[in-house]
Amino acid sequence: MGNKKHHERTRAQESSGAIERMYITMRHLFNRGFYKPMGISGETLREALLLLRPEIYGSVGDEKAELEGLLYIIDRLPIGIEECRYINLTSDEGYAESHFKPIIPPKRRRNCYRIDDDQMNIEITRGRSEIYDILTHLTFLFIESHKISKRVLIDDEGKTTRDWIKLERVVLENEELSQPDRETAITYTANILGRTFNEITEIYDQFSTPSRPERLLHIVYWLGKLAIEEVINNDKRTVTFSPMLRERLGHHIHGEVWANNIKHTLYKHNLLKRPIHVISANMHSVMNTLFAPNALKALVSKKDIFEVYEAISHKDNGSLRNKVKKEALQNGMIFIEDSSGTNIDVQIFDTAKIDFSKIDIDSNETLLKEEKPVILVMDYAFGEQAYETIDELLKPYKIEGKKVHLDVESLSIMGKAGILEGGKGDIMIPSAHIFEGTADNYPFKNELNKEDLEGQGIDVFEGTMITVLGTSLQNKDILKFFYNSSWNVIGLEMEGAHYQKAIQSASKVRGNIGTDVKVRYAYYASDNPLETGSTLASGGLGTTGVKPTYLITRTILQQIFN
C-alpha cells in the first residue's frame with residue numbers, strides 16, 4: 001500500500017483548471033448582471049488569466065507592458081473604449097435607429113455605441129463566445145492599465161512621475177506632433193511602459209488611425225488615468241450586462257431570423273426544392289473561383305490562376321473584385337446582406353445559370369444539368385454561433401402551414417485555425433472535433449482527405465482538431481499536452497464541434513435532413529501558437545493565406561460538381 005504515486009499538478013493541468021474557472025466565473029458574473037473587473041468580483045478572472053499567461057497576451061504577467069497583445073485586442077474593441085469607465089454589454093436594443101453612430105472594431109464585426117464620455121455600449125448578437133471574447137480582452141486591458149498606474153504613482157495621494165505629467169500635457173493638448181515632439185513623447189511613454197524607445201517606435205504606427213495618428217499615446221494615457229482613479233479614489237470601472245441580453249441569450253433569436261431570410265429567398269427564386277450544398281467560408285473565394293476565369297480573361301491568360309486570386313485579394317485591386325462580382329450577379333448569384341444581427345452575409349449560386357464551359361474546374365455537366373444544385377455560401381460564424389445558425393438553417397421551412405424539408409446534400413466548412421505541427425499557410429484536415437474542457441468528441445467521415453490537397457506545394461496534416469472556447473485563452477502547456485497525448489491533436493479552432501453538433505442532431509436525431517448528408521472540413525493555418533513569433537498577435541497572414549484558401553475552395557467545388 002505504501003507505493004502510491006505522488007502526483008504533482010502539471011502546468012497543463014493548472015492551465016486547464018484556470019480556463020475552466022474563467023468560464024464558470026464569466027457565466028456567474030453574466031447571471032449576476034454586473035461586475036468590477038479590478039474589484040473583488042473580477043479577481044478570479046484576473047488571477048486565472050495571469051496563471052494562464054496565454055500566448056496572445058505575451059508578457060501580461062511581467063511588470064513591463066505587453067505591446068503586441070495590446071495591439072491585438074485594441075483591434076477587436078471599439079475605438080475609445082480605453083476612456084470609458086462603464087462598459088455595457090447589450091443585445092440588439094434599437095440603437096441603430098438612434099442618433100448614436102455605430103463604432104465597428106477593425107477586426108471584429110460588432111456594433112458599439114459611445115453613449116457619453118464615460119460609457120460604451122457593445123452589442124452582442126453572436127452568442128456566448130462573443131461575451132467570453134470581450135471579457136477576456138477587457139481583463140487583459142485592465143491588468144495592463146494597472147501596470148501603468150504602478151509605474152507612475154509616487155505616493156498614496158496621487159502624486160505622479162515627471163514622465164506622466166509630460167505625457168498628460170501632450171495628450172490633452174491633442175495636437176498633431178512633429179517628428180521631434182513625437183519622439184520626445186515616445187521617450188516618456190517608453191519609461192511609463194517599461195519598454196525601450198525602439199520597441200515603442202516599431203509598433204507606434206500600427207496603433208495609428210488616419211484621424212488619430214498619435215493614438216498609442218492616448219490609449220496609454222487613458223488606461224493609466226482610469227487606473228490611477230481606481231487606486232486613489234476607488235472609482236472602479238464597471239462592466240454591466242443589460243437585462244434584455246440576459247433574457248435573450250441562448251434563444252437563437254438572431255439565428256432564426258437569419259435562417260428564415262435565406263429560406264424565404266430560396267422560395268422566392270424557386271430554389272427551395274433543389275439539392276442544396278452549404279459552404280461556410282468567406283465571401284470571395286467561391287465567387288472568384290467560379291467567375292474570375294471569364295470576368296478577368298486577359299489576366300488569366302497571362303498568369304497562373306493562384307496569382308490571379310492573389311491579385312484579386314490585394315486591397316488596392318477593387319476594380320478587379322467589382323468585375324468578378326458583376327459577372328457573378330449576372331450569372332445566377334444572389335447576395336443576401338445580413339439584417340438579422342448575426343453579421344453573417346450569404347451568397348446563393350444557382351448552378352442552372354452558370355456556363356460550366358467558362359469554369360476551370362472539372363465538372364460532370366450531365367449530372368449538373370439533371371440535378372441543378374444550389375450552392376449556399378455563408379460567411380464565418382463566431383464560436384457557439386455556428387451551432388445556432390446551422391441548427392436553424394437545417395430546420396424545415398413553413399409555407400402556408402406546411403413544412404418543407406430542405407434537400408441538403410452536403411455541408412462544407414472551411415476556416416482559419418491554429419496549427420500545432422506545421423506553420424502559417426499549411427492545411428489541416430480533421431477526422432474528429434474534440435470540445436475543450438470536456439471529453440466531448442465528434443468523429444465523422446470527412447469527404448476531404450489528405451490526397452485531395454497534396455502535391456500543390458503546401459503541407460497538409462490530418463488528425464483530430466480541438467474546438468476551443470476562445471483563442472485568446474490558449475497557452476503552450478495545454479496545447480503541448482493535446483499535441484503529445486493520444487488525442488493526436490493537429491490544430492485548434494472555435495467552431496468545428498458546434499457545426500458538427502448541429503449537423504449530427506439534424507441528420508441523425510431530428511430527421512430535418514438526410515442521414516447520408518456529406519460533410520467536409522478543412523482549415524488553413526493562421527498561426528502556430530506553439531511557436532514564439534507565430535501567434536495570432538504577431539499579425540495577419542498577408543498573401544500566405546490566398547493559396548490554401550483557394551486550394552480548399554476548388555477541391556470542395558470539384559467534389560460538389562462531380
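Just the heavy atoms: all of them, side chains too, but no hydrogens, waters or symmetry mates, feed the values below. Bear in mind the structure is a predicted one, so any value in this text is a computation, not a measurement.
Of the N and O atoms on the side chains of Q500 and H433, not one donor lies less than 3.5 Å from an acceptor on the other residue. Between the side chains of T467 and E493, at least one donor N or O sits under 3.5 Å from an acceptor N or O. Side-chain contact, E66 with S59: a donor N or O sits under 3.5 Å from an acceptor N or O.
Using a 4.5 Å heavy-atom threshold, the side chains of T136 and M26 count as touching. Counting only heavy atoms from C-beta outward, the side chains of I478 and N475 approach each other to under 4.5 Å. At a threshold of 4.5 Å between non-hydrogen side-chain atoms, the residues Y521 and M428 do not count as touching. Contact check for L393 versus T389: no side-chain heavy atoms found under the 4.5 Å cut-off. Using a 4.5 Å cut-off on side-chain heavy atoms (C-beta onward), N288 and Y550 make contact. At a threshold of 4.5 Å between non-hydrogen side-chain atoms, the residues S410 and Q559 do not count as touching. I458 has its side chain within reach of K547: a pair of non-hydrogen atoms, C-beta onward, lies under 4.5 Å apart. Y523 has its side chain out of reach of F461: every pair of non-hydrogen atoms, C-beta onward, lies at least 4.5 Å apart.
Once rounded to the nearest 0.5 Å, the distance linking CZ of R21 with CG of L45 reads 10.5 Å. With rounding to the nearest 0.5 Å, the separation of OG1 in T90 from CD1 in I122 is 9.0 Å. Here the CZ atom belonging to F30 is positioned 4.5 Å from the CD1 atom belonging to I131, to the nearest 0.5 angstrom. Here OG of S15 is found 5.5 Å from CG of L52. Values are rounded to the nearest 0.5 Å. Residue D75 holds its CG atom at 4.5 Å from NZ of K107, rounded to the nearest 0.5 Å. To the nearest 0.5 Å, atom NE2 of residue H284 and atom CE of residue M287 are 8.5 Å apart.
Distance alone, capped at 3.5 Å, is enough to place a donor-acceptor pair between the K147 side chain and the K64 backbone. Counting only distance, with no hydrogens or angles, the side chain of Q347 and the backbone of M283 share a donor-acceptor pair below 3.5 Å. At distances below 3.5 Å, at least one donor-acceptor pair connects side-chain atoms of E436 with backbone N or O atoms of L469. Using a distance-only test at 3.5 Å, with no hydrogens or angles considered, a donor-acceptor pair links the side chain of N317 to the main chain of A311. No donor-acceptor pair closer than 3.5 Å links the side chain of K480 to the backbone N or O of A12. With hydrogens and angles ignored, the 3.5 Å screen pairs a side-chain donor or acceptor of D345 with a backbone N or O of D338. H254 contributes a side-chain N or O that, together with a main-chain N or O of S340, makes up a donor-acceptor pair within less than 3.5 Å. A side-chain donor-acceptor contact under 3.5 Å links N562 to the backbone of N364. Not a single donor-acceptor pair under 3.5 Å links the side chain of E144 to the backbone N or O of A65. R248 places a side-chain N or O within donor-acceptor distance of the main-chain N or O of D92, the cut-off being under 3.5 Å.
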Run the salt bridge (charged side-chain N to carboxylate O under 4.0 Å, His left out) check on D360 and R554 step by step: do they pass?
-> CA-CA 10 Å; D360 65 343; R554 289 173 72 90; 3.3 Å; yes
Salt bridge (charged side-chain N to carboxylate O under 4.0 Å, His left out) evaluation trace for R53 with D62 = CA-CA 10 Å; R53 296 201 178 186; D62 300 349; 3.7 Å; yes
Give the C-alpha distance, both sets of side-chain angles, the deciding distance and a yes or no for side chain to side chain contact (heavy atoms under 4.5 Å, CB included) between L376 and L266.
-> CA-CA 10 Å; L376 192 157; L266 290 168; 4.2 Å; yes
Show your reasoning for whether side chain to side chain contact (heavy atoms under 4.5 Å, CB included) applies to K445 and V519.
-> CA-CA 7 Å; K445 182 189 179 305; V519 290; 6.0 Å; no
Show the numbers, then the answer: is there a side chain to side chain contact (heavy atoms under 4.5 Å, CB included) between H264 and Y397?
-> CA-CA 8 Å; H264 178 67; Y397 186 50; 3.4 Å; yes
Apply the test side chain to side chain contact (heavy atoms under 4.5 Å, CB included) to residues H405 and N512: give CA-CA distance (whole Å), side-chain angles for both, the deciding distance (0.1 Å), then the verdict.
-> CA-CA 6 Å; H405 286 264; N512 287 339; 4.3 Å; yes
Audit row: R510, D391, salt bridge (charged side-chain N to carboxylate O under 4.0 Å, His left out) steps and yes/no | CA-CA 11 Å; R510 301 164 84 170; D391 184 55; 2.7 Å; yes
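Nearest heavy-atom pair, N446 versus P430, reported as atom, atom and distance to 0.1 Å: ND2-O, 2.9 Å. Residue F561 comes nearest to L367 through the heavy atom pair O-CD2, 4.3 Å, listed as atom of the first residue, atom of the second, then distance. Nearest heavy-atom pair, G422 versus N528, reported as atom, atom and distance to 0.1 Å: O-ND2, 2.8 Å. Of all heavy-atom pairs spanning T342 and Q385, the tightest one is O-NE2, 2.9 Å. Nearest heavy-atom pair, A417 versus M465, reported as atom, atom and distance to 0.1 Å: CB-CE, 3.7 Å. Shortest non-hydrogen contact noted between M378 and I390 is SD-CD1, 3.8 Å.
Note on D133 versus R108: salt bridge recorded, some NZ/NE/NH1/NH2 to OD/OE distance being below 4.0 Å. Note on D350 versus R274: salt bridge recorded, some NZ/NE/NH1/NH2 to OD/OE distance being below 4.0 Å. With salt bridges taken as basic N to acidic carboxylate O contacts below 4.0 Å, none links R520 and D452. We find that R109 and D379 are joined by a salt bridge, their nearest charged nitrogen and carboxylate oxygen being less than 4.0 Å apart. Salt bridge K518/E447: absent, no basic N to carboxylate O contact under 4.0 Å.
For the pair R76 and Y72, the cation-pi criterion (under 6.0 Å, within 45° of the ring axis) is fulfilled.
Shown here is E256, whose CD atom has no more than 12 heavy atoms of other residues, nucleotides or ligands within 6.0 Å. Within a 6.0 Å radius of NZ in K325, no more than 12 heavy atoms belonging to other residues, nucleotides or ligands are found.
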